[in-house]
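This report refers to the structure that appears directly beneath it.
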There are 2 protein chains.
Amino acid sequence: MNTADRLVAAAAELLDSGGEVAVTLRAVAAATGVSHNAPYKHFPSRDDLLAAVAAADFDAMAAEWVRIRTSPSTPAERLANALDVLVKFGREHPARYGLLFNSPELAGREGPLRFAAEEALDQFAAIIEDQQNTGDLPAAPADHLAVLLAATAHGLINADAGGRLRRRTNWAGVGDGLQTLIKLLSNH
Amino acid sequence: MNTADRLVAAAAELLDSGGEVAVTLRAVAAATGVSHNAPYKHFPSRDDLLAAVAAADFDAMAAEWVRIRTSPSTPAERLANALDVLVKFGREHPARYGLLFNSPELAGREGPLRFAAEEALDQFAAIIEDQQNTGDLPAAPADHLAVLLAATAHGLINADAGGRLRRRTNWAGVGDGLQTLIKLLSNH
DNA sequence: ACCTGAACACCGTTCAAGT
DNA sequence: ACCTGAACACCGTTCAAGT
């Protein structure tokens, strides 16, 4: 594992343990065992290091979605599992989740992060398309449905993280809200 | 206008002009014409000042929704207008929008911000309920539909701000995505 | 009650060297 | 090619005074 990868891993751990504010370049460098400005030899700025963490997480998410998409479950189960990947990541890694979906400035950048995000969304959309083909979701373009479902998932995850979800609904969690929406969208 | 309100207004302007990073207590104080730590006499910390900006914005949003709710348009138009308030605020004040909906740590706090957010969502839910009563939306609990629609709106606004919306769809903007969802949810 | 000014510990980033 | 150490300008926050 080269220094750049170790810096990314250290940053991810700091995000998990202390949130975005904990990710100072000095702390990342110390956790990696290099001097306080060695990171600049691998990343132009702190934001670029964070973008690298986000890109790696999108890659991992895409890999999970590939696994789910080719798993032997039913299309409906695969869709539920795909959504659960998002929900679980948001719950277990809130700061890293924020990098992926709550940071428009980061998302708007060119580069590997944008590419990784598109790759991941491709897999997500494919899972949705499989479920559409069972006739159980509206026949809208798969990309439209994928964007809508991802958007709703994201909104519900944020609402729950801020404590706003359970104050207004009797849902046990984000999954219940998503299943409610899917039921409303289903053709029966 | 007292000092606390002027500090909040100055912080809001800095958010609009330079994003969250531009809101240093020193810049806020300078823009307000007080010394660099006078803000501490009105807010315990920078986060509390930001929370006050967010609470004020939720109050303004709630007021807009009250106006829309009691306007003479049709329920469907009122729903579209209510959603447009969100979309427009996200587009025109991205940093302040982020304080309202992209900052779970802030949203999770107790205090006036939480209260203001609930008041605003109450109005939004009422507008949805009016449209439900026309029979043109599913008969799910209004709070459920309100949370789902607000979540989708938020997700689409974020996707668009990050440039991810228009790369995957032919929608001209967030509004098109929302109308697509509403159509899919409608009973005809 | 409200404000000021100095000070502290910290941070991102730059620069000049080192191997 | 990769890293180190000093330095700079800045920031949130604290503290001791001032009126």
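Just so you know, these numbers use all the heavy atoms, side chains as well, and skip hydrogens, waters and symmetry mates. Numbers restart at 1 for each chain; the letters A, B, ... are given by sequence-line order, proteins then strands.
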Give the rounded distance in Å between these two atoms: CG of A:Asn2 and C1' of D:dC2. 12 Å
Reading nucleotides 7-13 of chain C from 5' to 3' and marking B where a protein heavy atom lies under 4.0 Å of the base, S where only the sugar-phosphate is that close, and - otherwise, the string is B---BBB
In plain terms, say whether A:Glu20 and A:Arg46 are close enough for a salt bridge, that is, a side-chain N and a carboxylate O under 4.0 Å apart. yes
State whether A:Asp160 and A:Arg91 are salt-bridged, where the test is any N-O pair (Lys NZ or Arg NE/NH1/NH2 against Asp/Glu carboxylate O) under 4.0 Å. no
Base-pairing mate for D:dA16 - Watson-Crick or G-U, with both contacts under 3.5 Å: C:dT4
For D:dA9, the Watson-Crick or wobble counterpart (both distances under 3.5 Å): none
Using a strict cut-off of less than 4.0 Å between a Lys/Arg side-chain nitrogen and an Asp/Glu carboxylate oxygen, indicate whether A:Arg168 and B:Glu118 qualify as a salt bridge. yes
Write out all pairs satisfying ring-ring contact (aromatic ring centres under 6.0 Å, His included) with one or both partners inside residues 112-139 of chain B, taking only residues at least two apart or from two chains. B:Trp65-B:Phe124
Between B:Phe101 and B:Phe58, does the ring centroid distance fall short of 6.0 Å? yes
note: A:Asp5, atom CG; D:dC2, atom P; distance rounded to Å ~ 13 Å
Give a yes-or-no answer on whether the side chains of A:Gln131 and A:Arg78 include a donor-acceptor pair shorter than 3.5 Å. no
